[in-house]
There are 2 protein chains.
Amino acid sequence: MGLSCWGRETHDATRRLKKVPMKVEEKGTRGEGNQLLARIPADLADLMLAHLEPVDLPQGLVIEQPGELIEYVYFPTGGVISIVAMTPEGDAQIEAGLVGREGMSGSMVALGTDRSPHQTTVQIGGSGHRMAVSRLREMMDNEALHERLLHYCHALSVQTAHTALANAKLKLDARLARWLLMCHDRLGSDEVPLTHDFLSVMLGVRRAGVTVSLHILEGQGLVRATRGLIRINDRAGLERMVGGCYGVPEAEYARLLAE
Amino acid sequence: MGLSCWGRETHDATRRLKKVPMKVEEKGTRGEGNQLLARIPADLADLMLAHLEPVDLPQGLVIEQPGELIEYVYFPTGGVISIVAMTPEGDAQIEAGLVGREGMSGSMVALGTDRSPHQTTVQIGGSGHRMAVSRLREMMDNEALHERLLHYCHALSVQTAHTALANAKLKLDARLARWLLMCHDRLGSDEVPLTHDFLSVMLGVRRAGVTVSLHILEGQGLVRATRGLIRINDRAGLERMVGGCYGVPEAEYARLLAE
DNA sequence: ATTGTTCCGTGCGAACTCGCACAGAAACAA
DNA sequence: TTGTTTCTGTGCGAGTTCGCACGGAACAAT
């Protein structure tokens with residue numbers, strides 16, 4: 001399968017550009033569907049919405065490049081964005097964060113900088129809204145909004161810490177299960193449209209390893225995989241398989257942002 | 001060696017309480033020595049210093065417990081504090097962040113919350129200053145200070161992300177080398193006073209694995225290990241060994257906070 | 001229908017780490 | 001000094017993942 005290891009081609013943004021199954025859950029033109037936007041302080045809502053622009057998020061789209069200034073932050077309403085930590089040479093990479101409708105890309109803007117050493121791409125196509133960084137900075141004069149975003153930064157960093165934990169202590173099967181759970185949370189669908197190749201890049205392992213591990217999950221009836229698609233059958237079973245390495249960041253998110 | 005695996009006893013705060021070799025580099029009673037405190041906005045400096053309390057940081061001291069409200073944040077001037085991500089049951093843990101005189105513990109206060117699911121302990125004894133969380137919150141009304149702390153949060157989260165990268169992609173030798181480098185940065189000394197046991201907990205591996213890996217580093221003349229002490233001989237050699245997996249968080253820190 | 005591409009299944013030896021277990025060495029306490 | 005504890009060095013079989021490599025299956029386009 002050629003250059004399978006890093007799957008660079010499969011990440012190419014130009015592929016599949018108009019094939020992404022658009023989520024039809026857009027409720028009006030509101031920011032609804034994204035949980036950060038859904039709770040904008042009332043006095044800001046109108047202004048905020050005026051500067052939000054609905055966008056398509058095709059699979060493979062590169063949202064941020066390491067070290068490059070970002071222009072927009074994205075609030076997904078569907079699909080999954082992933083934050084990938086990498087060496088400057090790009091010879092090693094690993095997923096450090098997952099973003100879905102519960103969050104935003106470009107969260108470092110809330111921390112006062114407009115670039116980071118990570119790469120951010122759309123893992124699973126979807127849609128959302130974006131806002132110019134300069135606008136967001138103006139909005140953040142509102143302390144309630146700023147704090148909401150900071151809470152999200154905290155939850156995201158807990159997620160990253162537990163990814164470090166999972167990478168160090170879990171076997172591939174369990175890491176895969178954890179990844180599927182996190183994805184499931186964000187998609188609101190039992191179908192995860194990804195190839196083994198993509199997963200292998202996220203988990204930093206061989207593609208063949210993902211294949212084998214998926215078979216293990218299938219053997220226990222937890223998922224059902226077909227070409228380019230993984231269907232989640234038994235969420236509770238997956239959670240059991242991951243043990244305590246799933247759930248902590250999710251609980252932290254709930255504690256701070258569900259209010 | 002008994003209960004070596006998690007080394008719980010060795011973490012006990014009651015042991016070695018007065019044996020920590022105090023750093024004598026305290027320059028007056030100022031916050032000097034801690035790089036976050038060193039650059040307090042001028043208009044805040046006096047007020048800030050009034051609420052800082054010098055403290056000893058003995059090895060093993062538990063600074064934060066998962067889920068528990070914190071009362072103080074700590075600005076080390078020497079020694080190393082480590083942030084450990086763990087499962088709720090505590091059956092798996094890994095170091096997710098290292099804090100030295102470049103930073104602070106309890107950085108989540110800057111993000112608007114006063115607890116986290118991580119455990120924070122003193123890895124290498126030293127000293128520093130602490131401030132009540134309530135005070136810090138008042139101080140953060142000053143936007144310049146708040147932004148400085150947020151920048152630090154960003155750098156810390158990049159560090160965590162690269163720890164996830166290292167855990168997934170590096171061999172034990174290289175992970176150990178990376179850890180020693182990060183420690184060296186914070187200690188300002190070539191001597192790292194830690195046992196293999198401690199290191200094995202931080203890296204999430206067997207104690208015996210650390211012993212073997214240290215021998216490899218020694219074999220290349222990079223370090224020299226004696227009982228309870230690792231002396232760093234060839235920093236550049238260590239960096240070479242780690243490759244691109246060291247340096248990115250450090251560069252990010254420098255970009256944002258060295259000004 | 002044919003061809004080209006992407007994706008998935010499988011096999012095998014090598015490398016790394018694990019879990020367990022024990023012995024020697026160094027520090028410490030009495 | 002003696003006894004105890006902590007720390008380090010070593011060995012071995014088992015389990016996991018790697019790197020490589022090939023064949024077959026599903027899909028797309030002509």
Side-chain angles (χ1 to χ4, degrees), chain A residues 1-12 14-19 59-60 91-92 94 166-177 192-201 203-219 223-231, chain B residues 1-12 15-19 59-60 91-92 94 166-176 192-201 203-219 223-231:
Chain A
M1 84 141 295
L3 224 174
S4 83
C5 181
W6 295 116
R8 289 231 168 76
E9 299 89 344
T10 18
H11 273 108
D12 192 317
T14 62
R15 228 171 41 87
R16 283 221 199 172
L17 232 144
K18 286 302 160 195
K19 294 178 200 168
Q59 182 186 47
D91 56 343
I94 202 77
N167 290 352
K169 307 292 287 187
L170 295 186
K171 288 188 298 184
L172 184 44
D173 324 353
R175 285 176 60 201
L176 177 57
V192 182
L194 281 184
T195 67
H196 300 183
D197 226 64
F198 261 70
L199 284 167
S200 74
V201 176
L203 298 171
V205 297
R206 284 177 318 151
R207 192 269 315 160
V210 172
T211 302
V212 172
S213 286
L214 267 175
H215 290 167
I216 295 176
L217 300 189
E218 280 192 283
V223 304
R224 173 82 191 126
T226 57
R227 188 189 171 91
L229 184 72
I230 299 167
R231 176 171 287 106
Chain B
M1 84 145 292
L3 223 174
S4 83
C5 182
W6 295 115
R8 287 232 169 75
E9 298 89 345
T10 19
H11 273 109
D12 192 316
R15 231 170 41 86
R16 283 219 198 176
L17 233 145
K18 286 302 160 197
K19 294 179 198 167
Q59 183 187 45
D91 56 344
I94 201 78
N167 291 352
K169 307 292 288 188
L170 295 186
K171 288 187 298 185
L172 184 45
D173 325 349
R175 284 176 61 199
L176 176 56
V192 181
L194 281 184
T195 67
H196 301 183
D197 226 65
F198 261 69
L199 284 168
S200 74
V201 176
L203 298 171
V205 298
R206 284 177 318 150
R207 192 271 314 159
V210 172
T211 303
V212 172
S213 285
L214 266 175
H215 291 166
I216 295 177
L217 299 190
E218 280 191 284
V223 304
R224 173 81 191 125
T226 58
R227 188 187 169 91
L229 183 72
I230 299 166
R231 176 171 287 106

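The basis for the numbers below is simple: all heavy atoms, side chains too, and nothing from hydrogens, waters or symmetry mates. In what follows, chains carry the letters A, B, and so on, assigned in the order in which the sequence lines appear, proteins first and then strands, with residues in each chain numbered from 1.
- At a threshold of 4.0 angstrom between heavy atoms, the contacts of A:Ala225 with the nucleic acid are absent.
- With sequence neighbours left out, A:Thr211 forms a side-chain hydrogen bond (donor to acceptor under 3.5 Å, both in side chains) with A:His196, A:Arg207.
- For the pair B:Leu194 CG and D:dT8 P, the computed distance is 10 Å after rounding to whole Å.
- Residues that satisfy the side-chain contact (heavy atoms from CB on, under 4.5 Å) test with B:Leu172, not counting sequence neighbours, are B:Leu203, B:Val205, B:Ser213.
- Bending across the helix from C:dA1-D:dT30 to C:dA30-D:dT1, expressed as the angle between its end axes from five pairs apiece, amounts to 40° (10° rounding).
- Rounded to whole Å, atom P of C:dT10 lies 11 Å from atom NE2 of A:His196.
- One can place CG of B:Leu199 at 13 Å from C1' of D:dT8, the figure rounded to the nearest angstrom.
- Of the candidates C:dT10, D:dG9, C:dA25, C:dT10 carries the atom nearest the A:Arg207 side chain, counting heavy atoms from C-beta on.
- For A:Arg227, counting side-chain heavy atoms from C-beta on, the closest listed nucleotide (D:dG9, C:dG9, C:dC7) is C:dC7.
- B:Asp197 contributes atom CG, which lies 12.5 Å from atom CZ of B:Arg206 (distance to the nearest 0.5 angstrom).
- Projected onto DNA chain C by closest heavy-atom contact, A:Ala168 and A:Gly228 fall at different nucleotides, the more 5' of which corresponds to A:Gly228.
- The CG atom of A:Leu229 sits 10 Å away from the P atom of C:dC8 (whole-angstrom rounding).
- Atom C1' of nucleotide C:dA25 and atom CG of B:Asp197 are separated by 16 Å, given to the nearest angstrom.
- Taking atom CD1 of residue B:Ile230 and atom P of nucleotide D:dG9, one finds them 10 Å apart after rounding to whole Å.
- For D:dT8, the OP1/OP2 oxygens have no side-chain nitrogen or oxygen of B:His215 closer than 4.0 Å.
- Taking atom CD1 of residue A:Ile94 and atom P of nucleotide D:dT17, one finds them 13 Å apart after rounding to whole Å.
- Note that CG of A:Asn167 and CD1 of A:Ile94 are 5.0 Å apart. Values are rounded to the nearest 0.5 Å.
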Under 3.5 Å between N/O atoms: give me all the protein pairs with nucleotides 14-17 of chain C, atom names plus distance.
from: C:dC16; atom 1: OP1; to: B:Lys171; atom 2: NZ; distance (Å): 2.9
from: C:dT17; atom 1: OP1; to: B:Leu172; atom 2: N; distance (Å): 2.5

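- To the nearest 0.5 Å, atoms CD (A:Glu218) and CD1 (A:Ile230) are separated by 8.5 Å.
- In this structure, B:Glu218 places its CD atom 11 Å from P of D:dT10, rounding to the nearest Å.
- Counting heavy atoms from C-beta on, the side chains of A:Ile216 and A:Leu176 never come closer than 4.5 Å.
- Remark: A:Arg227 pairs with no residue by the salt bridge (Lys or Arg N to Asp or Glu O under 4.0 Å) rule, at least two apart or across chains.
- For the atom pair CZ (A:Arg224) and CG (A:Leu214), the distance works out to 11.0 Å, reported to the nearest 0.5 Å.
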